[in-house]
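Single-structure report; data block below.
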Amino acid sequence: MAQLRVTAVITTYHREWKMLQRSIQSVLEQTVPVMELLLVDDNGLGTAYQIQIAQEVAKFPQIRYLPLEKNSGVSAARNYAIAEAKGDVLGYLDDDDAWCPDKLEKLLPLFGQDADIALVFGTGRVFQKDTGKEHYNWQWEVFKPEPSYVDMLYTDYVGSASAPLMRVEALRALGGFRQQPAVEDYELWIRFAQRYKLCGTRDVVFLKYNETEEHVSGSLRRVGQGFRCIYELYRVDYAKHPTARTAVLWNICRTGVRSFDPAVVPFVLEWMLSRMHRG
């Protein structure tokens, strides 16, 4: 199989240059070089962040800098990159994460296992600044090498957008990321599993640095709202798979209760009933 050309994408919003530069360097230092690196700046033209990034990025001729006119949100920024990508496969990197140097070396061969594989992924290592501790991410703990559509309804076996590589033609066929409050990446992975094959390795391919609270996922209420979006989108299929249904309802409930979201009450009742019916 011919070497697949890789488009790497970093979308950034309200991120200090020092952290963003770490992400950029991790892409440029891959053992298998990327074809292109797109930096989508979602800060909005003329903002202090955008002005500084534009000045710094000018020192990196390898980067195609794509500033958005106004802040449009992570899904819109990622989808803009899909339209601009020239590679065969695309990999995202959150602007405070880093790819391991051999991420592409480890993941690209997985596409060759089956022509129907459209998404390949690895696991991550998490560094907690406040405690100084580090640990494997959730996907390392529950790793499945070939999660099915039903598996993905049950839980997110792919994880962070920094974890996978995806065929660009499949991304475009699926329409990219949905606009929703959070966990929009998980929803896209479910759609991938619905139409294509997924293949993973337990090897660590990215590093997550929890240094600030600027993540959308940092808001429990928004995360709960994101899980509610997923449940409503796939409600028919969740009804056919009680274990997966109970799991997604639990994610809705735990985030909603911890964030004191009154909208979670009917889902708590639904979760309790689902447990009774299973037991």
Side-chain angles (χ1 to χ4, degrees), residues 7-17 19-24 26-27 37-45 47-50 52-54 57 63-85 89-99 119 121 124 126 137-139 152 156 158-166 168 170-172 174-192 206-230 233 251 255 259:
T7 294
V9 176
I10 300 174
T11 62
T12 186
Y13 175 71
H14 281 197
R15 189 66 63 202
E16 296 296 334
W17 172 251
M19 284 187 277
L20 179 56
Q21 185 177 20
R22 179 179 61 196
S23 301
I24 290 170
S26 77
V27 172
L37 169 54
L38 309 184
L39 177 59
V40 183
D41 187 338
D42 194 30
N43 287 295
L45 292 176
T47 61
Y49 280 102
Q50 187 272 320
Q52 181 190 19
I53 290 171
V57 167
I63 296 175
R64 186 144 63 101
Y65 179 54
L66 303 172
L68 301 186
E69 184 176 355
K70 61 181 181 179
N71 172 243
S72 302
V74 66
S75 290
R78 289 171 176 170
N79 289 341
Y80 186 73
I82 295 171
E84 291 288 325
V89 302
L90 184 152
Y92 290 101
L93 177 60
D94 287 345
D95 59 1
D96 58 344
D97 292 350
W99 280 358
L119 183 153
F121 64 96
V126 181
N137 67 351
W138 165 249
Q139 285 70 29
M152 292 300 296
D156 183 0
V158 177
S160 166
S162 299
L165 297 176
M166 296 154 281
V168 171
L171 269 169
R172 289 173 176 160
L174 291 171
F177 292 85
R178 282 175 44 85
Q179 294 282 355
Q180 61 182 60
V183 294
E184 65 289 322
D185 41 11
Y186 177 30
E187 191 281 322
L188 179 58
W189 313 155
I190 293 173
R191 269 186 285 142
F192 261 98
F206 76 98
L207 308 175
K208 175 169 285 296
Y209 297 91
N210 286 347
E211 297 188 80
T212 73
E213 294 301 322
E214 288 295 321
H215 289 91
V216 170
S217 297
S219 166
L220 278 175
R221 181 168 291 200
R222 287 198 292 271
V223 171
Q225 292 168 348
F227 278 118
R228 295 207 300 265
C229 289
I230 288 173
L233 282 168
N251 280 323
T255 51
S259 62

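Predicted model only: the values in this text are computed from it and were never measured.
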Could you walk me through whether Leu20 and Leu39 pass the side chain to side chain contact (heavy atoms under 4.5 Å, CB included) test, one step at a time? CA-CA 10 Å; Leu20 179 56; Leu39 177 59; 4.1 Å; yes

Is there a donor-acceptor contact under 3.5 Å from the side chain of [X] to the main chain of [Y]?
X	Y	value
Asn79	Ser75	yes
Thr7	Leu90	no
Arg178	Cys229	no
Gln139	Gly124	no
Asp97	Ser23	no
Asp96	Met19	no
Asp95	Tyr13	yes

Would you check if the distance from the ring center of Phe177 to the ring center of Tyr92 is below 6.0 Å?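 Ring-ring flag for Phe177/Tyr92: true, centres closer than 6.0 Å.
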
Qualifying residues under side-chain contact (heavy atoms from CB on, under 4.5 Å), relative to Ser72, sequence neighbours excluded: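 If we apply the side-chain contact (heavy atoms from CB on, under 4.5 Å) test to Ser72, skipping adjacent residues, the hits are Asp42, Leu68, Lys70, Ala76.
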
What pairs with Tyr80 under ring-ring contact (aromatic ring centres under 6.0 Å, His included), at least two apart in sequence or on another chain?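 For Tyr80, no residue satisfies ring-ring contact (aromatic ring centres under 6.0 Å, His included) once neighbours in sequence are set aside.
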
Counting heavy atoms not belonging to Trp138, are there more than 12 under 6.0 Å from its CH2?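 Atom CH2 in Trp138 is not packed in, count stays at 12 or less.
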
Classify the ring geometry between Tyr49 and His14 as parallel (under 30°), tilted (30 to 60°) or perpendicular (over 60°).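 Aromatic pair Tyr49/His14 classed parallel.
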
Could you go through the salt bridge (charged side-chain N to carboxylate O under 4.0 Å, His left out) check for Arg15 and Asp41 one step at a time? CA-CA 10 Å; Arg15 189 66 63 202; Asp41 187 338; over 6 Å; no

